[in-house]
Structure formats: structure tokens, C-alpha cells
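A short write-up of the structure that comes next.
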Number of protein chains: 4
Amino acid sequence: MARGRPREEGIDDAVREAVRALLTESGYQRCTIDAVAARAGVGKAAVYRRWRSKAELVFAAVIHPVELEPPEDTGSLRGDVAAVLGVIQSSLDGPEVKSALPSLLADVRADPALEARFGEAFLGRERGYLVLMLERAVVRGELSRRPDPALVHSILLGPVLTWLHLFTEKPPSGGLAASLASPLHAAVVALGA
Amino acid sequence: MARGRPREEGIDDAVREAVRALLTESGYQRCTIDAVAARAGVGKAAVYRRWRSKAELVFAAVIHPVELEPPEDTGSLRGDVAAVLGVIQSSLDGPEVKSALPSLLADVRADPALEARFGEAFLGRERGYLVLMLERAVVRGELSRRPDPALVHSILLGPVLTWLHLFTEKPPSGGLAASLASPLHAAVVALGA
Amino acid sequence: MARGRPREEGIDDAVREAVRALLTESGYQRCTIDAVAARAGVGKAAVYRRWRSKAELVFAAVIHPVELEPPEDTGSLRGDVAAVLGVIQSSLDGPEVKSALPSLLADVRADPALEARFGEAFLGRERGYLVLMLERAVVRGELSRRPDPALVHSILLGPVLTWLHLFTEKPPSGGLAASLASPLHAAVVALGA
Amino acid sequence: MARGRPREEGIDDAVREAVRALLTESGYQRCTIDAVAARAGVGKAAVYRRWRSKAELVFAAVIHPVELEPPEDTGSLRGDVAAVLGVIQSSLDGPEVKSALPSLLADVRADPALEARFGEAFLGRERGYLVLMLERAVVRGELSRRPDPALVHSILLGPVLTWLHLFTEKPPSGGLAASLASPLHAAVVALGA
DNA sequence: AGGTAAACGAGACGGTACGTCGTGTCTTGGT
DNA sequence: ACCAAGACACGACGTACCGTCTCGTTTACCT
């Protein structure tokens, strides 16, 4: 069983909340571990006891807690694609993610161990939903064969990610996910033909 | 007119080459300005005389020199899409770009002035080619109207970028650009219908 | 009266022994409270329940237990001075004292409360013996008046302390206390003339 | 010859002055490297470029600059002893030395390299003066043979050091060096008989 | 016998200083 | 005006230690 003084429960949340606040206010570079600890009313040691690096901390604070609830079966591949795009967009939008993602990805790439965890936690979950979506479409007869899920993943995730984090344009009228639904549905259909 | 000692010619190339070597060997974080200067046999001041920041330097060494020659008119939208995808992939592949891009994007995002220059130099040029491609397709009658170029841009660039810099999977057999040509052509057609 | 669980008897000694061992092996700086507790097989709280600070602990482990039994009346001031020097030397020699004393004095100086306790326990006891010694010498007629005990104290303690803890030379042949006995006896006589 | 930008001259003095001020105001523990650098208007790197550790820095700021000018030949051993005691006292008195010495000695003891430098710079210089003094006394016939200089050193330095840095009593009326001159002269005479 | 109070090992807590490193600027003497 | 070398201010990093605290458990004394 657990020996010694147990970790104080509030600290995990207080630190993650401090990270999100500082990301929004100051961006990734100014979001210092010292600043996070001070804002959370916590010692730096308590932070490093829980997360090994700034990248792990930000990952835990910004990416991990996002609940990607599996999109429902909408009854059609068209609807499923739209739903998945909505989930992807919602997981990449928001001020903290906007502030954190580019630098976070950079730090994640520099740490192989973290890269593996990130791939599983973030990409793997999404990938799973896509497989379900594609198999439903095959059963419905909308696709004659199941396309490579990774290719589909890049086709659905890529445009959203690119627009939100690389372009500076405003999202198209009608919303990004809605604007992408038709063309990307066509792309998936073409892949599964 | 130019006064004083002219800049030594070899330095620009020596520094860029040192950047590329260090990026490949050590990654962006370990690719220090001190290390670059030492490797190029050059003083730090000579580096900062040419580029204003590490991000500018890496941008100039890794992204800018890639020659994005305007894809020729292949005679069909299908062919043009494939050609553009090839150009995009070739500009994002290679060990130095792999090492540099995520951190470079992070630094670019942190500096609005650089962000503007980057957008123009990198994205703007690509965007221009897309506009030409789309207008040719309209003239040919393959599209009934010219879709939003930004949307097309995200659809063509996003999947390639995502696969090369976010996924850890190997590229699909047959090549990434080739695998994406059909579905993304369908997406563009759907947009312009 | 005493309520609750009584203190475990062995812990005091185990901790003091651990302190002495770590001082000898690693010096004062590396002699961490965590390390002491771990070595003694004891929790840190058990240490702090007994001693208020690291300085108090080291003081108790290294200085206090030295039994400074009042030097006997040897029948002459000359003999008494030699005896006192022997007691002083024995209380300042040994590997643990060598390791601990400079840092311990530094910590003691930083804590006025501890400084008072240290002065009383260490210096006061010695001072008492000196007063007795001097008064015997006055009675014997070896001194015509009793000199300032503090001055005598500095004259007898100072050279021993300096040699053992400031110099790096080996003690003089014949022993430090023996070599100092004659000159320091002369000094005391000169003071009391 | 010297390449690169030369060290800024004022920095050495500004840092040493900041150390002395902080030692007087706050003591050794609160005299942080960060605080020193901030007070001197200097970056921490500039400090570490000059001194390897806090102990080296304090040593350089407090002990080294003290000018121990060789005491003049007073014409008698009695006078020379008094003069040397005065020099010793003046080198150990003063607010910065009072604040720094115990902790400094502790840190010096923990670093063998520094211990050697300290021995040479501080003790060696004093020792040299003593040898001259003793040889003059032999020539004068005040001593029949030259005693061990180290023993004499401990007898003259020890009482002063002990009184100033171990005792809490006020110095004796008439001054510490003056009060010690007679008895310690007698001690030296006894040693050289 | 059962309750209570204090001690126990373990280890997390806030705070603080450390020494290192990277960035972008500046200052030499020399070309 | 340029060059190589390298010092500069600034500020974040991750580590370590101190002295305090909080767990769940154990051991005595006192009803």
C-alpha cells in the first residue's frame, strides 16, 4: 500500500490550471515553471515530482484533459466525417491550445519518450474513432473497402491543424469544420472506392 | 554606396551549411548559435549581422533555399494537384526540415514580425501557385467556380504536413504525395462544384 | 506525566552514530538530514523531534558527548596548564570534529539562540575549569593575582584550535599540547604577575 | 596576446564591493550570488566567469585585498610581537570579516584547491613576517634559537582569532592586541629559550 | 479491555540558492 | 565596414537541502 504522506490532491489541478492561465496570458515561452509554481501556490519540487519536464506538464495540462468523446454514429459517412471534424476542431481550438501547440510539439519531438506517449494519448485515440467510422461506412456500403486509417487521419486532421495553427486567416464563414466537411467527405469516399 | 570592407562571400553559405549539419546531427535545441558559428569558423557577430534571430537563420538555411518552382500546367486538375503535392512534399521532407520545422514554427509564432515574413515567403508563394492551378481548372471547365484558395491550401498542405511532422508512421507504399493525389483531387473538385 | 508512546531508546544513539559516520565519510555539507535519517534507519521527523536543526544535531553528536572531565589538581600551575591543554586538544581532535567544526561554528553563528547554548555548554564549562585552575595558582602563590579568565581562555584554546582547524601542518613532534605547555604556561604567568 | 572583448575593468571591483556590502547587511547566508550580481548591476555569468564558487568570491572580496604590510622592525621582540598582533587583529576585525569568516572557513575546508590557495595567500604571508621577526630576535640575542614558526604562528594568531570569532565577550579594556602582547611575548621567549 | 496520546517510517510540502546554459548585444584589436 | 574572439545582461532551467507537515501504524499508559 501507499507509504508516506500522500500527494496533496488539489495540487495537480491547481498546477494544471495555472499552466492554462499562464499560457493564455503570456504564451508558452513566458509560461515558466517558476511562474507556474508561484501562481499555483506550490513549490517547484512539487511540480517536478509530478512531471518530468515543462513539455510533460503542458501536455498534461492542455492536451490530455481534452475529452474526445467518441463521435456518435450519425447514420451516414457524410455525417460522421462532419462530426469527427467537429471533434478535431474543438480539440485544437481554444486559447491555451493556440498558445501551446507549436512549442509543445517542438518539445515533444525533442523527447522520444514523450513523443511515444503523445502519439498514443492524442493521435491513437482519434485514430480509433476513425477506424470505427470507416468500418461503419463499409458495412453501410458507402465504401467498398476500408482505406488506410492513417491516410484518412492525415486528410481529416491535417487541414484543420494547418488552418488553425499555421494560417493567420480567419476561419471561413460558416465555420472551418463545416466548410471542410464536403470536400473531405469526397476525399474519403475516393480513398475507399 | 557601399563603404568599408565588403562582406566576405563564403560566410553566408558556410553558416547555412553549418546550421543544416547541426540540425541533422543534434536537432534544433542543440543547434546553438555559438555552435553554428564555431562550426562555420565564424564569429557570432557575423551571424547576427546577416540574420536577426535564430529563427530567421534557420528559416533562411532550411526553408527558404528550397526552390518551389511553379508546377507546370500538366493539362488537367488531377495532374496539377499531384504536381503541387509533390512540390509540397519535397519542401517538407529531408532531415534538416524534419529536425527544424516544429521548433521553427514555434519560434515563428512567438515573433509577429517574423510570422508575417514567413507567411509571405513560404505560404504566399505556394498560395499563388494554387490560384493559378484553380483558375486553369475553371477555364478548362473542370471546376464550375474557383474555390477559396486558403481552403484548398489547407486541404493540400495539411495532410502532407501532418503525416511528415506529426505521425511517426512510414510513408505509405507508393509515396505520400501519390497516395494523397486521388482523394485530395476529389476534395478540390467537390469544393469547386 | 508522560503520556503516549515513549521515545524509542536506541534512536538517539543511532542518529548520533550516523552523523559521526557521515561526517567522517563525506564532510558536513554532504551530511544531509535525509542521509542521516536513512543511515540510522529512522524517519526525519524522529530527528527533528529530538534536535531543532542540523547544527543542534551535529553539536549534540560531535561536541557535547565529549567528556571534559575537570582536570585534576596536579599540584602546580605548570602541570595544570598542560592538563587543560590536553583536555582541549582531545575535545577538538578526531575525524568527526575535524569535519564538523568549521561548518558547525558557521551555523552556530547564524543562530543567536544556538550561539548562546553553545557558548554555555562548550565554552562555559571550559571557562569554569580555568577559573579553578587560576585560583589554585593564586593560593599557591604562583600568581600574584587572578588574570582575566577570558584572556587566559583565548590563550590556551586559541593556539590549539588554530593549529588543528586552520593549519594543514602535522602536529609538532612530541604532540601539540606538550609543545604548547611551556610557552603558554609562561604566558599565563606573565598575565598574573 | 589577448583576443576578444576584454573583461570590463569595473566589474571586479563592483562585485567585490557588493559582496562586502551584502555581508555587512545580511550575513554570509543571505549574501546570494544572485543578490551580489543584482547589486553590482552585473549578470551572474560575469561573476562565475571570474570566480568559481561563492567561497572563492568571498575570499577574494574579504580576505585577499587586506593589505598585511610587513610590520616594521621595532627594535625589540616585545615591540615586534605587539606590532604583529596589531596586524593580525586588524586583518580579522571589521564587519565584513566578522560576518564572513566562519562560513568562509567552512566552505574553504570543503574545497581542497581553495584550501591550498587560502593557506598560501593568508597564512603564508603572515608566516613570512613571523620568520623575519624571529630571526631578528635571534640576532639581537633575545632568543637563543629560532623556535618553530608554525608554533609561534598558532600562539599569536590563535588567541586573537578565538576571541574575535568564537567568544562573544567585548574586547578587554585597552584593546585585545595590547592585552595579549605581554603574555604572548613571554610565550615566544619561553619557546626560544 | 478499550481509549487516548504520542512516537514511529515514509515521504510530500513551500521555500530558496545553486551553478549551467542559451540568446542577442557589445567591445576589443586586427584586416 | 567588416572580421574572430569573447565578455556582457538577462533570465529559465533542473537539482538539492532545509525544516515542516501529513499519512497510516505501533506502542505504551490510563481509565
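Letters A, B, ... are given to chains in the order of the sequence lines, protein chains preceding strands, and every chain is numbered from 1.
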Item to check | Pi-cation contact, B/Tyr48 with B/Lys54 (under 6.0 Å, within 45°) | outcome: no

Item to check | Atom-to-atom span, CG of A/Asp111 to P of F/dG14 - whole angstrom | outcome: 11 Å

Checklist outcome for this item: Per atom distances to the A/Ala45 side chain, the nearest of E/dC13, E/dC8, E/dG15 is E/dG15

Checklist outcome for this item: Of C/Gly4 and B/Ala40, the one whose closest nucleotide on DNA chain F sits nearer the 5' end is B/Ala40

Checklist entry - Reckon A/Gln29 touches a base, only the sugar-phosphate, or nothing at all at heavy-atom distances under 4.0 Å? => result nothing

Checklist entry - Given atom CG of A/Asp12 and atom C1' of E/dC13, what is their separation to the nearest angstrom? => result 13 Å

Checklist entry - Hey, does A/Arg52 reach any base, or is it just sugar-phosphate, or nothing, if we go heavy atoms under 4.0 Å? => result nothing

Checklist entry - How close or far is atom P of F/dC17 from atom CG of C/Leu22, stated in whole angstroms? => result 12 Å

Checklist entry - NA contact type, A/Arg49, heavy-atom cut-off 4.0 Å: base, sugar-phosphate, or nothing? => result base

Next on the checklist: Go nucleotide by nucleotide along DNA chain E from the 5' end; which of C/Pro6 and A/Ile11 gets its closest nucleotide reached first?
Outcome noted: C/Pro6

Checklist entry - DNA chain E: C/Lys44 or A/Asp34, which has the more 5' nearest nucleotide? => result C/Lys44

Item to check | Integer-rounded Å distance: E/dG22 C1' and B/Leu57 CG | outcome: 14 Å

Next on the checklist: Tell me the interatomic distance from A/Tyr28, atom OH, to F/dG11, atom C1', rounded to whole angstroms.
Outcome noted: 16 Å

Next on the checklist: For the backbone of A/Ala46 and the side chain of A/Arg50, can you confirm whether one donor and one acceptor N or O come within less than 3.5 Å of each other?
Outcome noted: yes

Item to check | A/Ser53 side chain to A/Glu56 backbone, donor-acceptor under 3.5 Å | outcome: yes

Checklist outcome for this item: Whole-Å distance, B/Arg50 CZ to E/dG24 C1', equals 17 Å

Next on the checklist: What's the closest nucleotide to the side chain of A/Thr32 if the choices are F/dA4, F/dC13, E/dG14?
Outcome noted: F/dC13

Next on the checklist: I want to verify a distance call: between F/dT20, F/dA4, F/dC8, whose nearest atom is closest to the C/Tyr48 side chain?
Outcome noted: F/dT20

Next on the checklist: Quick one about B/Ser103 and B/Gln29 (side-chain donor to acceptor, distance below 3.5 Å, no hydrogens or angles considered), yes or no?
Outcome noted: yes

Checklist entry - Which part of the nucleic acid, if any, lies within reach of C/Arg30 when heavy atoms closer than 4.0 Å are counted: base, sugar-phosphate only, or nothing? => result nothing

Item to check | Interatomic distance where CZ belongs to D/Arg7 and C1' belongs to F/dG6 [whole Å] | outcome: 10 Å

Checklist entry - If you look at every strand shown and take non-hydrogen atoms under 4.0 Å, does B/Lys54 touch a base, only sugar-phosphate, or nothing? => result sugar-phosphate

Checklist entry - Between C/Glu17 and C/Arg20, does at least one N-O distance fall below 4.0 Å, as a salt bridge requires? => result yes

Next on the checklist: In this structure, how many angstroms lie between the C1' atom of E/dA17 and the CG atom of D/Asp107, rounded?
Outcome noted: 13 Å

Next on the checklist: What I want to check is whether an N or O donor and acceptor connect the side chain of C/Arg5 with the base of E/dC8 at under 3.5 Å.
Outcome noted: no

